[in-house]
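Working notes, beginning with the structure itself.
None of these values were measured; they are calculated from a predicted model. In what follows, chains carry the letters A, B, and so on, assigned in the order in which the sequence lines appear, proteins first and then strands, with residues in each chain numbered from 1. Only this structure's heavy atoms are used, side chains among them; waters, hydrogens and symmetry mates stay out.
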Amino acid sequence: MTTSLLPTDAPSVVAPKPKSAGGGLGRYLLIRFLLIFPTIFILVTLVFLLMRTIGDPITAAQGGRLTADQLAERIHAAGYDRPVLVQYFEYLGQVFTGNFGNTISDNRPVTEVLVTYGGATLELAFYALIVAFIVGIPLGMLAAYFRDRFPDAVLRIFAILCYATPVFFAGLLLKLIFSVWLQWLPVAGRASTRTELNMQSLPNKTGIYLIDAISLGSPAAIGDVLAHAVLPGIALGLLTAGVFLRLVRTNVIGTLGTDYVDAARSRGVSEFRLVRKHAYKPALIPIITVIGLQIALLLGGAVLTETTFEWKGLGFQLAAYLGARDFVAVQGIVALLAVFVAVTNFVVDVIAALIDPRVRY
Amino acid sequence: MSADTAPLSSLPPVKGNFLGRLPVLKQLRQSVGLQRGMLVTGLVITALFLLVALFAPVIAPYGFAQLRDDSGAFGAQQPPSAQHIMGTTVGGYDVFSRVIWGAQTAVMVIVFAVVFSIIAGILLGLVSGYLGGWLDRVLVVIGDAIYAFPSLLLAIVLSIVISGGQSNLWGGIIAAALSITVVFIPQYYRVIRAETIRIKAEPYVESAKMLGASTSRIMFRHVLRNATRTLPIIFTLNSSEAILTLAGLGFLGFGIEPTAAAEWGYDLNKALSDVTSGIWWTALFPGLAIVLSVLGITLVGESLNDLADPRLRGRKRVKVKSGAVSETSVDRTLPSDEDILEENA
Amino acid sequence: MKPVVEITDLSISFATDGGAVKAVDGVSLTVNRGEVLAIVGESGSGKTVTAKTILGLLPDTATTGGAVVLTNRAGTGESDVVTLSKKELREVRGTDVSMVFQEPSTALNPVYTVGWQIAEGIRAHRKLSRAEAKREAIEILRKVGIPDPEVRVNYYPHQFSGGQKQRVVIASALVLNPGLIVADEPTTALDVTVQAEILELLRRLRDEFGTAIVLITHNMGVVADLADRVAVMYQGKVVEEADAKTLFANPQAPYTKQLLDAVPRIGQGRIQTTERLALRDAGIASRAAEGRTDKPVVVAENLVIEYPGRLGQKGFRAVDDVSFRIQPGEVLGLVGESGSGKTTIGRAIGGLTRATGGSLRVLDFEMVGFSERKFKPLRADIGFVFQDPAASFNPLLTIADAVAEPLVIHGRASSPADARKRVDELLEAVQLPKSYGDRFPHELSGGQRQRASLARGLALEPKLLIADEPTSALDVSVQARVLELFAELQAEFGFAALFISHDLAVVDLLADRIAVLYHGKLVEEGTGADVLDHPKDPYTRRLLASLPVPDPVEQAARRTVLAELQSSPGDNPA
């Protein structure tokens, strides 16, 4: 839930250096790329160390159910009785080769869990981002345009409400109104049982229901999938939309105060165009960087949204493993998400650098 | 020349009575129109939230873990009535009482979390930003890595580590506070480090260096106090994040046992299945409590942020030909305080 | 013909945190076709506010009264800017009146090409295709002297130098051929050699395009160079209005006289310098008679200062093979434009930047590869005065505490309170009342802060004072008094000084010797009389010729000299 309303700035390590001619961009991209690795390394190490301080995962998961001897045997078999440092290096090696271990509760490779449920989370995040962009960015510009006047106040309160409402509470309210009372939309899940059965028959399932429904070619299935997506998408999307709105507003107001906007105004450029062109594009560069950081917020929110709507994605699964005290699974999923976050942030920074002509040329 | 160049807010208030010098009250006087409206609304809600937390034992009709009174058990999922104005939960608790007691839990977690993380974050940011070098680089990479990671997940992992997931009142509060602390430290660290680096290049710091002042003297006498001016803003914004993170933890079942303390997130988790059967009161009231308290604190933080930034600060309109003409310094002896304030405005 | 703009009884008030402030008070002015009207004044005089009103560019916090009547170029329509609706204002801006800003690097949007920005102005008023608008943009860029406009139209602002950026800004103001251009301090952010080129371009606008110009400036030299008529503003009022020659030859208002007197002129301080030199020589002679010889305070031999490059990149050489020395009690003036390395040398002497090559001995201590711990005791003998008086004080310390800092750090006092007596003496020495010690920096005006800064710099009675552009942030009348104070203090305390400035006239007032820097190299050094009256280096000559003097007649003559210098082969500015 964090990283949202603070005065955020671009990651501080290697900000693109303006005015660097020629090889500047290439250099920046290379350094930024290399930075992915320490980031992943730090997070994986952090998670490993934290999880190990509470003892071995087998005791945590099966502690009550097995006798002491059985427990010791299983611990020995899994190698958890070796020195922590040995286990750590073994774990690092495994992570490096893409092996995140097997879950204890249902003994599946963590990577398989990811492949099975990752698509669902990605799909949810996609819907949420669409909602966030459609709602957040134009409204942010509008708020900047009307700054300190009535529409601005309304929009800002809206933004703060979006942020102040926990996704699960927003989800519960939406469910209560649209599913239970009005009965317009389904209560939970990603699709009705029938649609899911139909999709099982597909030869090459993607796990992303919208794509699967489209390849089924059935309008009913597509409609069903979309109907299920509306509420979770809005619940998660509004949270991010509030952040985007505020971010766009502040940055656009900031650039509206610059000399070059005054200069354009002195040439007779219209106020609306000043906001839309002159203020928005320079404001976009810091915004994109912060959007990168919002991926983290979105993933945290996804865990809560998926639990609220029984959306069977990675977050839902994570909550289930947490409930089962299956810390190998938790550790694996968290480490994988770390990789995902590091890579997305890299991609976002590259996009931000490409938009800025001072870096590009 | 132009009326809005030098930020007056970056200067310390000196004249005026004592009340005018307190951070929030100073901004309250400075604000106008909508901004004042937002700030006042925020302050009122926040004050209400704090009062409720403080006087929870007086306000709440029942205890947070109370299931029965003299006339017998409350019963589960009872709709709002004269006896239980917000109904009862699936576990048979009084919703209204738990909402009131929940404010107390939230305030305690905020205080611990924010105090812990401010101290650690400021020290790290100051040292790292001022000294620079490899320590700085390592801290930045670690800070950025944690900062970019979903903080809720980190808080979950930490709450497992600290308390094994569940615990009593103080254990639960400290565990929640510490999990939030670790997540917040990188934020304070980033802000303070950025400020420190900016201030390090200010002529007054260079001037202290020129005079041969020791590193610790520069860091604490010149940099620290100037770098921490934005803290009231971050403090309020982080407080609202603390409430949300606490609720998120509670919602996922990593909060505090219902018998140890009232916690809004936990109650919402239990209300999840109620909603499907149309029982609205168990979810609505704790949810609204979260929204209202976060809204109040965020309004205060946002307003402070706006008022601290001259670009975002609004001012009253004035009549034509009002006000005194600001003078230039030619052939006048020494300017009065008002002149200088205007010159700086 | 009607005047292009007629301002009648204009009054403007601003809402500030401190309440309402009146910026302009009953100003009436007219500007005729093809005329340059200069509005001169110091900060707070209301000149920029008046200029911005002509385009209706004041912020929402301003309230305006009176009338500003604009007439279009054809003379067919007129409009009162004060009462126009937003839409009508937009139609007037760019077509009837446009603006040139002070800081060219911020007046252009960094993420759009200059061609796009110029074309946008055209297309805001006329129905043209993108290609046609671009063709016009190329044409106007050519007219303002941008080489290869066909290629550069697609450049982003950061790909131009400062002077070229200002040309682009002028092009974008000129493209719709408005009858009036408001130029707000158009050369203040530029180096003096570039300033001369931009002033030349503005003169061409008037002569070739018949454009009227409202020139806002604080620089009397610029006024003398360009203006036909001058209005002097003080405290929101016009105190004098006259044609340029009359105003400079025969100023009427007391304020105008003061202002003109305060402008430093080359050669003005020559008599004092000679006197000082004689005194110093006598001192040296008497000490030599006692068998003591003075060691120079600073000796630089083939000094090189390089800023390290980032990983694997080449470093930047800011100072290249520079040699000079400063004798005890001597004031060396270091002159150069931006990027000349003058500030870097000052910082290196103060130990803020590391000297990387050659030798730099400060008070007989080698600064190349020095260790801070060993240098620290010597810091008591070096004072420093920074450029920006507002930023060189910790905003949270009172003036007394700040002035006491050096005393406390070097153990002359145990606490700021303990040092208060000495602080009061120092404040008195810089002509500030004792009670000002209890004020915070923001409660002092710019000139007062710079006095306090001098007090701090002199607290330990240093042997050497480094003053980095100490007056460039001040108004000209305040500058004059701070310079006077500096000279008095120097005579009283007898410290040696390195006086860094971009302004030849200021340096000439104070310095015993002058060193001219250009791109990190020392091109010329000598007494004021040597360097300024008989410059040998072509760069020094061009620098001197570019400096506008506050006298329209003399300035017109100097322009011819400069034109000859610029057409003659030699090194050219980057």
*Are any non-hydrogen side-chain atoms of B:Asn269 and A:Phe168 less than 4.5 angstrom apart?*
no
*Count the heavy-atom pairs under 4.5 Å between each of A:Leu337, A:Val330, A:Thr308, A:Asn345 and chain B, then report the option with the highest count.*
A:Thr308
*asked:* So for A:Leu176, is it side chain, backbone, both, or neither that comes closer than 4.5 Å to the heavy atoms of chain B?
replied: both
In residues 33-41 of chain A, what donor-acceptor pairs under 3.5 Å come from side-chain atoms, sequence neighbours left out?
unit_1  : atom_1 : unit_2  : atom_2 : d
A:Thr39 : OG1    : A:Leu35 : O      : 2.8

*With A:Pro166 as reference, evaluate B:Leu244, B:Ile243, B:Val294 under the side chain to side chain contact (heavy atoms under 4.5 Å, CB included) test and give the passing residue.*
B:Leu244
*What do the steps show when you test B:Ile290 against A:Phe169 for side chain to side chain contact (heavy atoms under 4.5 Å, CB included), and what is the final call?*
CA-CA 9 Å; B:Ile290 298 174; A:Phe169 181 55; 5.8 Å; no
*Hey, could you give me the CG/CD1 distance between B:Leu295 and A:Ile157, rounded to the nearest 0.5 Å?*
6.5 Å
*Spacing of B:Leu299 atom CG and A:Ile160 atom CD1 [to the nearest 0.5 Å]*: 4.5 Å
_A:Arg156, part contacting chain B, at a heavy-atom distance under 4.5 Å_ = side chain
*asked:* Is A:Ala338 in contact with chain B via its backbone, its side chain, both, or neither, using a 4.5 Å heavy-atom distance?
replied: both
*Would you mind checking which part of A:Phe340 comes under 4.5 Å of any heavy atom in chain B, side chain (CB onward), backbone (N, CA, C, O), both or neither?*
neither
*Answer with side chain, backbone, both or neither: which region of B:Leu284 has an atom nearer than 4.5 Å to a non-hydrogen atom of chain A?*
both
*Is chain B contacted by the side chain of A:Ile333, its backbone, both, or neither, given a heavy-atom distance below 4.5 Å?*
neither
*Which one of A:Leu172, A:Leu318, A:Val341 has the most heavy-atom pairs closer than 4.5 Å to chain B?*
A:Leu172
_Distance check, rounded to the nearest 0.5 Å: A:Leu304 atom CG versus B:Leu152 atom CG?_
5.0 Å
*Residue part contacting chain B, namely of A:Leu173, when any heavy atom lies under 4.5 Å*: side chain
*Shortest non-hydrogen separation from B:Ser240 to A:Tyr163 and the atoms involved*: OG-OH, 3.8 Å
*Which portion of A:Val334 sits near chain B, non-hydrogen atoms under 4.5 angstrom*: both
_Listed once per pair and sorted, the side chain to side chain donor-acceptor pair (under 3.5 Å) pairs that draw on residues 40-49 of chain A, sequence neighbours left out_ = A:Thr45-A:Tyr88
